[in-house]
Each structure stands twice: as structure tokens, then as C-alpha cells.
Amino acid sequence: MSFLFVNRKPSSAFAKVISAYKTINEDIVGGQSVYYAYDSSIWGDVPVIEKNGKSLLLSGWFILDDKLNDINLLHDEIILNGLENAQSKIQAGIFTAIFFDSTATSDEFTIFQDPASLLPHYWTQEKSELVVTPECGEIISSEDTCLTEILVKKGHLFGDNTIDKQVKKILPFEHLVIKRQVVKKVDNSKTFHDYVFGGVRHEDFFDSFKKVNRPLKPDVCALSAGFDSRLIAHRFDPSAFYTWGPKHSQDVIVAEKISNNKEKPHFSFSFTDEFVNDIDDEVCCALFKGSVLNPNARFLCNYRKVKNEFKSSVFSLDGYLGDVLQRGTYNNFKGTLGEFLKIFPKFYDYLNISDRYVLRSRYRELGEKDFDMLWEDYKKKTDILCDEDPYTKVTFYEFFYGRGGRYISTGGIVMNSLFFNVVPAFCSKSSLNYFFNQKMTDALEFKTFKKVWSDIDDEAIVELNSEGGYSSKTPRVLIPLMNFLGRLNTRFNPRRKNYSRGGR
């Protein structure tokens, strides 16, 4: 949960939905009107601290020095080491925060987020007044023809763009600083690079999972036949599981076997059973209009269903973008060559495909002029990655600035955060450090995947086949072909269709 509003009230639909599960407070900080949502079950008191004229207000959750929501510690880190350095020490979390220094000559007011800016917030200036909100659609006042065309063609935008050129998304490690009503955008891309590419040894990787997991109870985990959720199930040992999908789907079959083996509650239901009401549609319109074309409001009502089933669970573990890091999927693309490379990924080593080619193939719906805009943004965001291979660059961009942060996040992060404190396990600092220091071609060839699963001996986890028809025990050279055949089976076999393929 990370919803913060500056000089803008939450929409009535948003307030109605979230107030059933969170507390919304109103405050004045540095002369700015602030509304923020927080979960009293993990905060107790309001998440605000003021010491020696320096205030910190935070909406969301974070782990620092293995401690959950120690706002006093974070405040001290900011004072001692500066905001940028304090932010870089965050181990995990999703939050949006304000730091206000009333002792500074200009009453400095700074807005910042968790290092990866996992829950999108947008900002604009209205008559010299800064406005910040997670509800993009509420501050869109005009539409740029080119950006609107890109949104319609691709379904999402990229970088900090919305269809309104005056409305921007807050990017990773980007700070908005107000001094005497003048808004300055501070880009700390070098620090962000160091945060992502810090490096973690294999033997330390799963220990870091445990450190992040320790304070996060009670929790519930979205569990499917995929390897991301079952890795979380093994390492985090959640309190309960849920799965949406047809009862004959591999997702439900595998999830039931794992939950039974762990003797944990498991709740499964059809993704299409829940009714999307007008309020749900209004909330999605407010949150995503101008940034994402067709957000699926069924996710929202299904997360509500899960919350009502597991009322005591305050954290929701999610495998958000685990496939990208374990298996390099942001370098997959459509077309004959793309399908050939999925079956024979070793050829990534020999074909010397450029990052521009991969990105162009992924954004093939765009015309040349539209793609040139994306390409310029891509070059700016990846300029600092001069020592990285093209596949790592594409993954980095799509993960934080493209499809990941602008489209995939709509369900598992944003809508889920209306009800839970979402924990995207693969987005902790240690997880990013570990995976972004693997060769991306190793991920594409399933070498990284086999490495991650090499020391896991839980038979109920490792020997069950995924939708792709393979398990972590399958010989690596056979996985791509079996995955291809599994995808065909999932697409055309009525008994194997999952929720995304129209199964019931």
C-alpha cells in the first residue's frame, strides 16, 4: 500500500474502496496539503515523525537494516547520510514519502519513493502549485496526439510519459524538490544503477530472502504452476495461498498439491466469477487513464475477494516480474525469429542481435516516428549501462521504464495494494543485485533458472511440471522445446486453459 496525494484529494471512488481496508489521513506539511493512506495493522501510530524541525511522512512499507517500518531509523539515515544514500539502503518496500526540512532557508520539501518506484505516482504543476497523485486520470487535462497514438497502439506508455505532456510519472530514484514554490526534478541515475547492479553472491541470495521475509507475517501468496510463485512458496513459507483459474488448469492442480504438502490453507476460484461494478471501473479509470489503455478491473475485485477470504493477512506476496529475472523474458519477441529463439535460445549468442532490434520487435505496433521517441528515451535511461550487454539493457529498461513498470504493475502491484501491503519478492535490493549480475543470455538459456533451483530439494516444489510441461529437474537443453509444446497445449486444449486464456 502506497498512496499519497499532495494538493489533491483522492477521488470519491478511490476513497470509498480503500477506506474499507486502510486509513486515509489529511495533514499539512511544509504548507502543502497532504492526504496519505496507511495500514494501522503494521504501523500502529500514524507514519509521521518530526525531530529538530525535520519531518518524514511515509505511505507504504519498507525494510531497513532488517527492520520493518522503522521510520525513526530512516529519518536518522536521511539526516546523517542524505536522502539519496538513505534511499539506497532500503532492502525492500513499496512507499511514497515526503521529507520536509523547516530549518532550511527555503523550507525544502522533497517527495521520493521506494528505489524502484514500484507503485506509480504522477505529478504536475497547476498555477505554480505542485500536485502529486497515484490517480493519473484525475490530473489529465489535455491529450498529446502522438503519445495518445502510442498508448492506443501498444496499450501502455514508457519512461515518465502520460498522454498529457504536463503530467509526468515519478521515476526510480527521482526526487521532486520544492523550494519557494519552484519544483525541481532531481535525477539520481548513477545511484539507481549502483542500487540495481550491486551484486550478491549465490550463497547469500536466499539468506537475503529470509531477512526480507522475517517481519512479513501473516501473509498470503498468489500461487500458480509457475516457478516464480513456487520459489516464493518455498523460501517465504507463506501463511496461506490462493489461485484463480479453471479447476482443471495446471495452475490450480499444482497450487493445491503444494499447499497440501505445506499444510497451509488454499483458496481457489474462477477469475471470471466476480462482478466488476461501476466503482471498480471508476477507480481503474482514475488510476490508469492516460498511462495504461485497458486495465483489467477484474484483478481489483478478485484481490478484494482474496482479502475478504483472508482478513487477517496484511501482506500479499507476489511473483511480479520473476520470469523476467529468472528466464530473461523481456528479450523474447513475436515473429518467426522470436519463436525460433524461444526454442533455440543458444542462438542469441551467435546472432549478435542488437538491443534496438529486440526493442523494435517488442514495439512492432509503433510507427517509425513513435518508435524513435521510445528509442531516445531508452538511450537516455540506459546510457549509464555502457558495460552491459544489449539484452541486459533491454531488460533493465522494460523492467523499470517500459512494460513492467507501466503495464504489468497495474494488477499485482497497484490494484492489489488497495487491499494488501504487496511484497514483490523479486524486487528486493538483494534480488535485483543477484539477477542483474547474471548474464542475460544465461537467463535466456535457462542457466540462471537451473542455478537458482540447484540447491532446492523439496520434491513437492521441484518435481511438479509447470504449464510449459517442464520442471526444475528437466534437463536444461530440453526445456525450451517442452515449453513451446506446453504453450501450444495451454492455448488450444480446453482443459488446460488458464484464466488469461478464457478458461473457467
Side-chain angles (χ1 to χ4, degrees), residues 1-27 32-39 57-60 94-98 111-114 117-127 129-144 147-148 151 155-157 160-171 174 176 183 276-297 299-301 303-304 405-420 422:
M1 176 275 303
S2 168
F3 297 102
L4 184 146
F5 302 76
V6 178
N7 298 320
R8 173 70 57 160
K9 287 184 177 182
S11 68
S12 58
F14 176 91
K16 183 174 182 178
V17 170
I18 201 171
S19 60
Y21 306 93
K22 315 291 183 186
T23 300
I24 300 179
N25 260 19
E26 180 181 2
D27 207 342
Q32 315 294 317
S33 174
V34 179
Y35 294 82
Y36 57 99
Y38 73 96
D39 187 339
L57 181 154
L58 188 143
S59 174
I94 299 180
F95 65 84
T96 306
I98 294 170
I111 298 171
F112 66 102
Q113 292 193 278
D114 56 272
S117 294
L118 288 167
L119 201 158
H121 278 61
Y122 305 87
W123 68 279
T124 188
Q125 283 186 276
E126 295 180 354
K127 299 179 180 178
E129 181 178 70
L130 173 69
V131 172
V132 175
T133 174
E135 297 186 286
C136 181
E138 293 294 287
I139 56 174
I140 296 291
S141 60
S142 64
E143 297 185 15
D144 177 80
L147 290 167
T148 301
L151 179 60
H156 64 85
L157 290 175
D160 65 356
N161 292 298
T162 71
I163 60 172
D164 186 338
K165 285 192 172 183
Q166 303 306 312
V167 176
K168 299 294 184 182
K169 178 182 180 291
I170 300 176
L171 298 178
E174 187 174 79
L176 300 181
V183 180
V276 179
N277 59 44
D278 291 342
I279 295 294
D280 295 337
D281 280 332
E282 286 180 39
V283 170
C284 286
C285 182
L287 287 169
F288 305 113
K289 179 184 176 183
S291 179
V292 178
L293 186 61
N294 291 312
N296 190 343
F299 282 103
L300 190 153
C301 54
Y303 286 124
R304 181 194 292 115
R406 299 306 292 268
Y407 181 76
I408 304 300
S409 64
T410 59
I413 303 293
V414 183
M415 294 188 212
N416 199 1
S417 290
L418 290 164
F419 312 101
F420 292 97
V422 180

Legend entry - V422 side chain reached by L118 side chain, heavy atoms, under 4.5 Å: no
Legend entry - CA sep, side-chain torsions, deciding dist, call: L4, L57, side chain to side chain contact (heavy atoms under 4.5 Å, CB included): CA-CA 10 Å; L4 184 146; L57 181 154; 3.6 Å; yes
Inset, instruction - Could you tell me whether the side chain of L130 reaches within less than 4.5 Å of the side chain of W123, counting heavy atoms only? - result: yes
Inset, instruction - Report the distance from atom CD of E174 to atom CD of Q113, rounding to the nearest 0.5 Å. - result: 9.5 Å
Inset, instruction - Enter the distance from K289:NZ to E143:CD here, rounded to the nearest 0.5 Å. - result: 6.5 Å
Inset, instruction - Search all heavy atoms of S2 against all heavy atoms of H121 and return the closest pair with its distance. - result: O-CE1, 3.0 Å
Legend entry - Atom OH of Y407 with >12 non-hydrogen neighbours under 6.0 angstrom: no
Legend entry - Spatial distance of atom CG (D160) from atom OG (S117) [nearest 0.5 Å]: 11.5 Å
Legend entry - Distance-only donor-acceptor check, side chains T96 and S59, under 3.5 Å: no
Inset, instruction - Side-chain contact test, heavy atoms from C-beta onward, threshold under 4.5 Å: evaluate it for C301 versus N277 and give yes or no. - result: no
Inset, instruction - Describe, in one word, how the ring planes of F112 and F95 are oriented to each other, choosing from parallel (under 30°), tilted (30 to 60°) and perpendicular (over 60°). - result: perpendicular
Legend entry - Beyond-backbone contact of L287 with P295, side-chain heavy atoms, under 4.5 angstrom: no
Legend entry - Heavy-atom closest pair, residues R8 and V132: CB-O, 4.5 Å
Inset, instruction - Check whether any side-chain heavy atom of V283 lies under 4.5 Å from a side-chain heavy atom of L418, and answer yes or no. - result: yes
Inset, instruction - Give the intermediate values and the outcome of side chain to side chain contact (heavy atoms under 4.5 Å, CB included) for residues T124 and K168. - result: CA-CA 7 Å; T124 188; K168 299 294 184 182; over 6 Å; no
Inset, instruction - To the nearest 0.5 angstrom, please state how far the CZ atom of F420 sits from the NZ atom of K22. - result: 8.0 Å
Inset, instruction - Show your working on side chain to side chain contact (heavy atoms under 4.5 Å, CB included) between V17 and F419 and close with a plain yes or no. - result: CA-CA 9 Å; V17 170; F419 312 101; 4.1 Å; yes
Legend entry - C136 side chain reached by K169 side chain, heavy atoms, under 4.5 Å: no
Legend entry - Contacts of K9 that satisfy side chain to side chain contact (heavy atoms under 4.5 Å, CB included) - sequence neighbours left out: Y35
Inset, instruction - Output every pair passing side-chain hydrogen bond (donor to acceptor under 3.5 Å, both in side chains) with a member in residues 132-141, not counting sequence neighbours, ordered by first then second residue. - result: S11-E135, S141-D164
Inset, instruction - For the residue pair P134 and F5, establish whether any side-chain heavy-atom pair is separated by less than 4.5 Å. - result: yes
Legend entry - Shortest non-hydrogen contact from I24 toward A15: CD1-CA, 4.1 Å
Inset, instruction - Using the side chain to side chain contact (heavy atoms under 4.5 Å, CB included) rule, take L119 and F3 through it: C-alpha gap first, then chi angles, then the decisive distance, then the call. - result: CA-CA 8 Å; L119 201 158; F3 297 102; 3.9 Å; yes
Inset, instruction - Look up atom CZ in R406 and atom CG in L157, then write down how far apart they are to the nearest 0.5 Å. - result: 5.5 Å
Legend entry - Separation between CD1 of I279 and SG of C284, rounded to the nearest 0.5 Å: 11.5 Å
Legend entry - Derivation of the ring-ring contact (aromatic ring centres under 6.0 Å, His included) call for Y21 and Y303: CA-CA 12 Å; Y21 306 93; Y303 286 124; over 10 Å; no
Legend entry - Beyond-backbone contact of D144 with I163, side-chain heavy atoms, under 4.5 angstrom: no
Legend entry - Sidechain-backbone polar pair: N25 side chain, Y36 backbone, donor-acceptor under 3.5 Å: no
